[in-house]
Amino acid sequence: MTNKLLLAALSLALAPTAFADRSPAEFTALLARYDAATSSGDKALLGDQVDAAAGQRYATVSRLYWYEDLEQAKAAAAASGKPILELRMLGRLDEDQSCANSRLFRATLYANQAVAKQMRENFILLWTSERPVPKVTIDFGDGRTLQTTITGNSAHYILDAEGDVVDVLPGMYAPDAFRAELTKSAVLARRIAAVPPAKRASAIREAHGRALVALNKKARELKAVEHIPGTDPTGKSYFELAQRATISKAYIEVPKLPTVRAGDALKLDEGNTAAWSALGAAWWSFAPPRSTELVIAPTVGAVPPVLDTASQALVLDLEHGALEPGAVGPSDDAMILARLEQHLLADSALNELRLRRAIHERMYKKTEGFAPLNAYVYAEVFHTPASDPWLGLVPRSDFTGMPGDGVHVPATSLSSR
């Protein structure tokens, strides 16, 4: 049975039922049964069970096992000598409608066979949820509905066996860029593990100071962002700033903004996206720099392929889905893949130069635990602070004609405050 048919069957089924006591051994055994199955029905049922055992949707492709409990992950890290790679996200990794970044991770990073191998062999994997992911449903009034997520960003934290943060990769990266940065993080984690406990905090600070110097030096050499206009917005809401923090995610979520919020929608500049994409290619040497200005025409064909065959297959399987033929019109597969690859390269550069630079600065200046650092990342880097439970979607500044701006708060939420 092809991946396409399998995913269609899975999308029609109920969400996988989580096992009460998941384990890596159970996951491995289910994968073996899945691989040995010959009938399409058996594969569909076993695929559901593999996902549930893995703690991740589409685990038959990624073959990754994820812990959901930090203490269990720490115990596994201590036993294996591996650092922890923690995905912090909105929603759940074992649900289709998790935040946009985590969906892209599943399709373009975890499905990438080289990336998955690196993660599996070098890290203990853990995912945790920052908060539920906001969703919007558009009802067309004739039985047709469209449901999607609205905002939310994700980060990969590299932790030692005690759960202390060693490094952070914010947002989306192209697969080869992610592998390159994750390799550096793994080397750093091993080096920090060899440092006496009393000196580890200062060693981490010094490492981020050096990383900041190296990043700034490389940016100057490539004239990294001075030729990319309009990349430092001011006067925007948290909601709009959150969309700008990740290009590939913005192309998923920003087109829905006019539907859910009054006012001007965030404009996505194709020229800027192409420029960031060219910078991403130059930064990780995917292709020779095209010019010192790094500005290229905003054509999808300008980006070298960055997705492997497994990722491409999963992307297209998800794009086609389980709808009846013609339900939403045909998709241009070549265009979808090319644009996605361009956006991933653009994200790689933007995240490294803007978001990760800010995190390097923070980790160089002070030592803090996961909770305060994560609070800083979501409030100041991703612009989705926990202090705003509505994520900027209820500005209370314009009349909507609906009682309470259409807000409904369950009685249980009111009583728990």
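All of these numbers come straight from a predicted model, not from anything done at the bench. The figures that follow rest on heavy atoms only: side chains count, while hydrogens, waters and symmetry mates do not. Along the sequence shown, residues are numbered consecutively beginning with 1.
Under 3.5 Å, the side chains of Asn153 and Glu130 contain no donor-acceptor pair of N or O atoms. Side chains of Glu352 and Tyr173: a donor on one and an acceptor on the other come within 3.5 Å.
Using a 4.5 Å heavy-atom cutoff, the side chains of Ile359 and His208 are not in contact. You'll find the side chain of Met363 reaches within 4.5 Å of the side chain of Val168, heavy atoms only. Side-chain contact check for Glu341 versus Leu345: every heavy-atom pair is 4.5 Å or farther apart.
With hydrogens and angles ignored, the 3.5 Å screen pairs a side-chain donor or acceptor of Ser348 with a backbone N or O of Ala174. Looking at Ser277, its side chain never comes within 3.5 Å of a backbone N or O of His343 through a donor-acceptor pair. Of the possible donor and acceptor atoms, one in the side chain of Lys218 sits under 3.5 Å from a partner among the backbone N and O of Trp283. Side chain of Asn101 to backbone of Gly171: no donor-acceptor contact under 3.5 angstrom is found. A donor-acceptor distance shorter than 3.5 angstrom exists from the side chain of Arg22 to the backbone of Trp66, with no hydrogens or angles considered. Between the side chain of Arg357 and the backbone N or O of Leu215 there is no donor-acceptor pair closer than 3.5 Å. Listed for the Gln56 side chain is no donor-acceptor partner under 3.5 Å among the backbone atoms of Trp127. A donor-acceptor contact shorter than 3.5 Å is absent between the side chain of Asn112 and the backbone of Thr108. Between the side chain of Glu86 and the backbone N or O of Leu126, no donor-acceptor pair lies under 3.5 Å.
Taking Tyr378 as the reference, Phe382 meet the ring-ring contact (aromatic ring centres under 6.0 Å, His included) condition, with sequence neighbours excluded. Taking the side chain to side chain donor-acceptor pair (under 3.5 Å) definition, one finds that Asn122 meets it with nothing, sequence neighbours left out. The salt bridge (charged side-chain N to carboxylate O under 4.0 Å, His left out) search around Asp142 returns Arg144, not counting sequence neighbours. The salt bridge (charged side-chain N to carboxylate O under 4.0 Å, His left out) check on Glu368 picks up Arg362, with sequence neighbours excluded. In this structure, Phe123 has no ring-ring contact (aromatic ring centres under 6.0 Å, His included) partners at least two apart in sequence or on a different chain.
Using a 4.0 Å cut-off between a side-chain N of Lys or Arg and a carboxylate O of Asp or Glu, Glu121 and Lys117 qualify as a salt bridge.
Scanning both residues, Pro83 and Ala189, for their nearest heavy atoms gives CB-CB, 3.8 Å. Between Ile204 and Val165, the shortest heavy-atom distance links the atoms CD1-O, 3.6 Å. Scanning all heavy atoms of the two residues, the minimum distance from Gly55 to Leu93 falls at O-CB, 3.8 Å. A pairwise comparison of heavy atoms in Arg106 and Asp94 identifies NH1-N, 4.4 Å as the closest pair. Listed here is the closest heavy atom pair of Met89 and Cys99: CB-SG, 4.1 Å.
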For this session: Test side chain to side chain donor-acceptor pair (under 3.5 Å) on Ser98 and Arg92 and set out the steps.
Result: CA-CA 5 Å; Ser98 57; Arg92 296 179 56 87; over 6 Å; no
Problem set entry | Verdict with supporting geometry, Leu125 and Tyr65, side chain to side chain contact (heavy atoms under 4.5 Å, CB included) | CA-CA 7 Å; Leu125 305 182; Tyr65 176 85; over 6 Å; no
For this session: Decide side chain to side chain donor-acceptor pair (under 3.5 Å) for Asp96 and Tyr58; before the verdict, give the C-alpha distance in whole Å, the side-chain angles of both, and the deciding distance to 0.1 Å.
Result: CA-CA 9 Å; Asp96 278 327; Tyr58 320 121; 2.4 Å; yes
For this session: In sequence, state the C-alpha distance, the side-chain angles, and the governing distance for Thr149 and Arg103, and then conclude on side chain to side chain donor-acceptor pair (under 3.5 Å).
Result: CA-CA 11 Å; Thr149 60; Arg103 300 198 304 270; 2.9 Å; yes
Problem set entry | Trace of the side chain to side chain contact (heavy atoms under 4.5 Å, CB included) decision for Leu70 with Leu159 | CA-CA 10 Å; Leu70 174 60; Leu159 315 177; 4.3 Å; yes
For this session: I would like to know whether Trp276 and Leu353 meet side chain to side chain contact (heavy atoms under 4.5 Å, CB included); could you show each step before the answer?
Result: CA-CA 10 Å; Trp276 279 110; Leu353 281 156; 3.9 Å; yes
For this session: Applying side chain to side chain contact (heavy atoms under 4.5 Å, CB included), run through Ile158 and Leu85 and close with a yes or a no.
Result: CA-CA 5 Å; Ile158 293 81; Leu85 181 62; 4.0 Å; yes
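Using cut-offs of 30° and 60° for the angle between ring planes, the Tyr110 and His156 rings count as perpendicular.
Residue pairs meeting the salt bridge (charged side-chain N to carboxylate O under 4.0 Å, His left out) criterion with at least one partner in residues 151-178, sequence neighbours excluded, are Glu162-Arg200, Asp167-Arg356, Asp176-Arg179.
Within 6.0 Å of CZ on Arg33 lie no more than 12 heavy atoms contributed by other residues, nucleotides or ligands. Heavy-atom contacts from other residues, nucleotides or ligands closer than 6.0 Å to OH of Tyr364 number 12 or fewer.
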